[in-house]
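Throughout, a chain's letter reflects where its sequence line sits, starting with A, and its residues are numbered from 1.
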Amino acid sequence: MRYWLMKSEPTEYGIDDLARDGHVAWFGVRNYQARNFMRDEMRVGDGVLFYHSSCPEPGIAGVAEVATPAYPDATQFDPMNKYYDPKATPDKPRWFHVDVRFRYKTRLMPLAEMRTYPELANMRILARGNRLSITPVAPDEWRFILAKLGVKD
DNA sequence: GCCAACGTTGGC
DNA sequence: GCCAACGTTGGC
């Protein structure tokens, strides 16, 4: 069992959207490292911290889980889609993603609060200039955050 | 809106 | 294969 942090802009798709839908395809990732995490390392049932980015109060907004193995991102084949990739073909897909399932909406744990905890000091999300939209979370970081948010693993 | 950080592109 | 230029991310 592994743990992950996945960023989403709440104006595009936030925790309330996931609470409503229950399940969402994490399409549109166009970064190789993030793709590799989904394609090669995620397993169904892995824990996900749902993080709101590029918004007035960035931070962890809920908990989810990996719901499917990775599969080709359909938007890469669609010339009308903003995620279209002319170098990808159905024979040789370049982009993959998993689906994510809702677990809980939590209180917001703002980025500023995360920075105050020495236990989280090594999180990639706190590193300067971090832009990666999917990052691994260590088991002790996961347990610490869930305890602070008052939810059970 | 600014700007630091980083990934990608393309000329050589 | 190097590296400068450019584009994007994302916090502030």
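A:Asn31 has its CG atom 14 Å from the C1' atom of C:dG10, to the nearest Å. Rounded to whole angstrom, the span from the NZ atom of A:Lys87 across to the P atom of B:dT8 amounts to 11 Å. Look at CD on A:Glu12: it is 11 Å from P on C:dG10, rounded to the nearest Å. Here the P atom of nucleotide B:dC3 and the CZ atom of A:Arg131 are 17 Å apart, to the nearest Å. Rounded to an integer number of Å, the gap from A:Ile125 CD1 to C:dG11 C1' is 10 Å. Residue A:Met6 contributes atom CE, which lies 13 Å from atom P of C:dG10 at whole-angstrom precision. Nucleotide C:dG11 holds its P atom 12 Å from the NE2 atom of A:His52, rounded to whole Å. The CG atom of A:Asn130 sits 19 Å away from the P atom of C:dT8 (whole-angstrom rounding).
Side-chain atoms of A:Leu108 and A:Glu113, non-hydrogen and from C-beta on, never get closer than 4.5 Å to each other. At least one side-chain heavy atom of A:Arg107 sits less than 4.5 Å from a side-chain heavy atom of A:Leu149.
Relative ring orientation between A:Trp26 and A:Phe50 is described as perpendicular, the plane-to-plane angle rising above 60° on a 0-90° scale split at 30° and 60°. By the 30° and 60° cut-offs, the orientation of the rings of A:Trp4 relative to A:Phe37 is tilted.
Regarding contacts with the backbone of C:dG10, a side-chain N or O of A:Lys7 is found under 4.0 angstrom from either OP1 or OP2.
Distance from the side chain of A:Arg115 is smallest for C:dC12 among the nucleotides B:dT9, C:dC12, C:dG10. For A:Arg128, taking side-chain heavy atoms from C-beta onward, the closest of the listed nucleotides C:dG10, B:dA5, C:dG11 is B:dA5. The listed nucleotides are C:dG10, B:dG7, C:dG11; the one nearest the side chain of A:Gln33 is B:dG7. Looking at the side chain of A:Tyr51, the nearest of the listed nucleotides B:dC6, B:dT8, C:dG11 is C:dG11.
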